[in-house]
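Inspection log for the structure reproduced underneath, given as structure tokens.
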Protein chains: 2
Amino acid sequence: MKTKHEIGTRERIVRATSRLMQRQGYEATGLKEISREAEATLGSVYHFFPGGKQELAVAAVRHGDLEFAETLREVLDRVEDPAEAVLACTEELAAGMRDSGWLDGCPVSTVALESAGRVPDVQRAAAEAFENWRAIVSAKLRRSGFADDVAEDLAHTIINTLEGAEMSAQVSQSETPLRLAGRHLARLIAAYR
Amino acid sequence: MKTKHEIGTRERIVRATSRLMQRQGYEATGLKEISREAEATLGSVYHFFPGGKQELAVAAVRHGDLEFAETLREVLDRVEDPAEAVLACTEELAAGMRDSGWLDGCPVSTVALESAGRVPDVQRAAAEAFENWRAIVSAKLRRSGFADDVAEDLAHTIINTLEGAEMSAQVSQSETPLRLAGRHLARLIAAYR
DNA sequence: CTCTCATTAGAACGAACGCTCTATCCAGGA
DNA sequence: TCCTGGATAGAGCGTTCGTTCTAATGAGAG
């Protein structure tokens, strides 16, 4: 049975992996570091993830996927107008980034790039994350009256621009890229009205 | 003296490092692998780069910076209309990505994300690369009659959207993100005319 | 109580890591 | 001709890597 009141060991391991890989990436994050951070032993890590580091990274990417999907849904539901809603997303991202001292970027993108062409399972999980986020944005646009194909296409660029601006903001330690992305995406959405 | 006819050892090392880190990132690329790929010995690597892996990564990022700056300038000079020119950039990126079997993404972004908050020298070099590329796009927009501040701001989002779409294209192994980015950026530029 | 098995615990493995070090090579100047 | 110093060469340093393995633990079922 699961430990009743406190958080389960498996979940602690996944969260620690996600947090560490968000900040350091896949290669720079060691299993001993993960087990230390999760307050679990190496034995527990391999008990829950017999597939080792790769299986662990897939779980971490899925965790980051769900995590960001939830905040994305929340912000998009809070603001009615889709252009303003996307703008609100950039504010949210900028705030999170700044508050972490420019340490917490996208929980998926670093691992995604490192795994591309090298660790297929992880790459697939990352692609699924991007696709999930895109679907959330696409649904919002359709709810706001956009035609299906326009919404699908726009959602691609919205997510990708957010990703690019997030990376640029982190590397340059400035909110400007995200603020400009918000303004320009709002204008783009308005242009397709 | 430099070896006369053939390419210099130092240059071979930088190119090998840039190529390997483009595909594998900073952490996954070893110094022995670099020296093997560059057909140089470890002694030569440390002779030219006494600062070790970090100094090597800075040189590799600068190399990727200049490399992409050149193709960017070339494409933007070839097509007069700025919206069509940006579209041409996405075609160029899509072609390069596809032709490499989705292995060669942005020569800077993977290393940029890995180094963020962990290897300041490399992070700075990556930020400078993004800034250089932005300046090239900004100059093109100004040449096409855009006001200075509009050009500066738009250039930010153009580069960041290209980066995001490039990452998405690589991870999903599809040209679609880049094609859509081109179409939407063209529309955005037209909206600011 | 005893049995059972999911879970915890951590020592140990071979391989690879970044880096240091000494030795050698060899073209150009004196 | 000898000397000098940039360049090459690679063995080996200590450390850490991902992984494997055996043993202990401990709560619930019978």
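A, B, ... follow the sequence lines: proteins, then strands. Residue 1 opens every chain.
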Backbone N/O of B:Arg134 and side chain of B:Ser138: donor-acceptor pair under 3.5 Å:
no
Is it true that A:Arg15 and A:Glu11 make a salt bridge, defined as a side-chain N closer than 4.0 Å to a carboxylate O?
yes
Can you tell me if B:Ser44 touches the phosphate of D:dT8, counting only side-chain N or O atoms and a distance under 4.0 Å to OP1 or OP2?
yes
5'-most by nearest nucleotide on DNA chain D - B:His47 or A:Ala28:
B:His47
Would you tell me if any nitrogen or oxygen in the side chain of A:Thr9 comes within less than 4.0 Å of OP1 or OP2 on C:dT7?
no
What residue pairs, at least two apart or across chains, pass salt bridge (charged side-chain N to carboxylate O under 4.0 Å, His left out) with a residue in residues 28-57 of chain B?
B:Arg19-B:Glu37
When rounded to the nearest 0.5 angstrom, what is the spacing between CZ in A:Arg118 and CD in A:Gln123?
11.0 Å
How many whole angstroms separate atom CZ of A:Phe48 from atom C1' of C:dC5?
13 Å
Please report the shortest heavy-atom distance between A:Ser109 and A:Phe130, naming the atom on each side.
CA-CZ, 4.4 Å
With sugar-phosphate taken as primed atoms, P, OP1 and OP2 and all else as base, the protein-contact string of nucleotides 18-26 of chain D at under 4.0 Å (heavy atoms; B, S, -) is BBB------
Rounded to the nearest 0.5 angstrom, the CZ-CD distance for A:Arg124 and A:Glu131 is 15.0 Å
What is the separation between atom CG on B:Leu56 and atom C1' on C:dC17, rounded to the nearest whole Å?
15 Å
Rounded to the nearest Å, what distance is computed from the CD1 atom of residue B:Ile34 to the P atom of nucleotide C:dA16?
17 Å
Round to a whole Å and report the spacing from CD of B:Glu39 to P of D:dA7.
19 Å
